[in-house]
Amino acid sequence: MPQPRPYRFDDLPHLLDLLGRINAASGLLCDFHPGDLSHHLTNILRGADPAVYFHVLDAPDGEPLGFVELSKWGAFDVVVHPDHRGGALERDTLAWAAAAQSAMRARVEKPFEHLHAYGMDIDPMRSRLLMELGFAPDPAPYMALTIRPLAADDPLPRLPDGFSIRPADGVHEAAALAAVHSSAFHSNWTPERYATVMQTPGFVIDRELVVVAPTGEFAAFLVYWLDPVSRSGLFEPVGCAQPYQRRGLTTALMTHTFGLMRAAGMTHAVVKHELDNPASTRAYASLGFVRQAAYTEYKRAIAV
């Protein structure tokens, strides 16, 4: 098995191309969309060194065979080239990732007691390998993968009077963006952290769109990611500030983005959402997204 090595910034275009080819070949039914990788390297890491959390598998010719993602909270994921699915390379890489994630426990502020991995209901090979490594699935899935085609007759956005849509203008708006993200998800973004995200390689500032309220504050937002290989766009994340919810703002923002995706050559849009949020399920279904697969969490206790 090739030894995974720490991620370098010049790996990004090669990994995005690999993921694009995997997504195109699978009909977009892959664990990782290229946009997920960019989102994780920027929004999830929040400026942390990606070489700590991402490791790349190289083929003898230098092309990537896949990668490993680790985390601070015990979760890990593995992507491998389709030619190696279900075989020794995937199993050995999963075992390496589990060991590396276990070792991460000693380096974090809140030590985790379990390892967490993920399997899709349409991917029995990954589920089999995880169970061979001692992981047990949760009783029910926690997240859905949904897809919709993009078409010229997609609905146009409808906003309440006084509201408008525009791209984020630059790092000087980091404070306003941190505020709307924090309000939407009860999170703890600071202007400094969000400015770091906006300046991380892989983030495209004008693909963060905002709904501006009549007061001038940001009422809702989304970030969209484009993959020219599979010709698909991913929404990740999508949110609305608490005081502005239930006014159709994120629906308008997404319908506006359908046109931007189509103009960029995309044929399909992808969004993933947690299944314990029925409001999200209904909202995405109303926009034409259809569930294609579900993710289940697999867990294994850490021997301490």
Side-chain angles (χ1 to χ4, degrees), residues 1-45 48-71 75-104 115 117-120 122-130 132-133 145 200-204 207 225-234 236 264-268 270 293:
M1 165 189 159
Q3 184 70 15
R5 61 163 176 81
Y7 170 88
R8 302 186 299 255
F9 283 115
D10 61 0
D11 289 320
L12 182 57
H14 303 288
L15 294 179
L16 291 176
D17 179 71
L18 173 64
L19 285 170
R21 288 185 281 115
I22 293 173
N23 274 265
S26 69
L28 304 180
L29 301 180
C30 177
D31 177 15
F32 252 81
H33 186 276
D36 285 316
L37 177 60
S38 297
H39 172 68
H40 290 193
L41 287 166
T42 57
N43 189 289
I44 299 298
L45 288 188
D49 181 3
V52 173
Y53 300 98
F54 283 84
H55 293 75
V56 179
L57 288 165
D58 289 322
D61 63 3
E63 289 298 309
L65 288 174
F67 63 90
V68 172
E69 179 183 12
L70 308 175
S71 73
F76 70 90
D77 207 345
V78 169
V79 173
V80 298
H81 190 283
D83 290 349
H84 297 278
R85 288 302 322 279
L89 178 73
E90 182 172 3
R91 188 185 190 284
D92 290 348
T93 305
L94 284 166
W96 183 93
Q101 185 62 65
S102 295
M104 185 77 74
L115 298 178
Y118 309 99
M120 299 174 77
I122 58 172
D123 186 1
M125 288 187 293
R126 175 57 58 87
S127 299
R128 171 179 59 82
L129 291 174
L130 286 172
E132 287 178 2
L133 291 169
L145 166 66
T200 301
F203 193 88
V204 182
R207 289 188 194 153
W225 310 90
L226 302 178
D227 175 34
V229 180
S230 66
R231 299 182 66 192
S232 63
L234 175 74
E236 180 63 78
M266 305 299 107
T267 60
H268 288 78
V270 179

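Just so you know, these numbers use all the heavy atoms, side chains as well, and skip hydrogens, waters and symmetry mates.
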Are any side-chain N or O atoms of [X] and backbone N or O atoms of [Y], one a donor and one an acceptor, separated by less than 3.5 Å?
X	Y	result
Arg5	Asp58	no
Arg21	Val229	no
Asp36	His33	yes
Asn23	Leu19	yes
Thr267	Arg231	yes
Gln101	Ser71	yes
Asp11	Arg8	yes

Using a 4.5 Å cut-off on heavy atoms from C-beta on, say whether the side chain of [Y] contacts that of [X].
X	Y	value
Glu90	Arg85	yes
Trp225	Val204	no
Phe54	Leu45	yes
Phe76	Leu94	yes
Leu37	Leu15	yes
Leu89	His81	no
Val68	Thr93	yes
Leu70	His55	yes

#### Entry: From CA spacing to verdict: side chain to side chain contact (heavy atoms under 4.5 Å, CB included), Trp96, Gln3
CA-CA 9 Å; Trp96 183 93; Gln3 184 70 15; 3.2 Å; yes
Which atom pair, heavy atoms only, marks the closest approach of [X] to [Y]?
X	Y	result
Leu16	Ser38	CD2-OG, 3.7 Å
Val52	Met104	O-CE, 3.9 Å
Ser232	Leu28	OG-CD2, 3.5 Å
Leu18	Pro64	CD2-O, 3.9 Å
Leu65	Pro2	CD1-CG, 4.0 Å
Ala293	Met120	CB-CE, 3.7 Å

### Message
Quick check for you: to the nearest 0.5 Å, what is the distance between Leu57 atom CG and His84 atom NE2?
### Response
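That separation rounds to 9.5 Å.
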### Task
Can you measure from CG (Leu29) to CD1 (Ile22) and round to the nearest 0.5 angstrom?
13.0 Å
### Task
Could you tell me whether Phe32 and His40 have their ring centroids closer than 6.0 angstrom?
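For Phe32 and His40, the ring centres are under 6.0 Å apart.
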### Task
Check the pair Tyr53, Leu41 against side chain to side chain contact (heavy atoms under 4.5 Å, CB included), reporting the backbone distance first and the verdict last.
CA-CA 9 Å; Tyr53 300 98; Leu41 287 166; over 6 Å; no
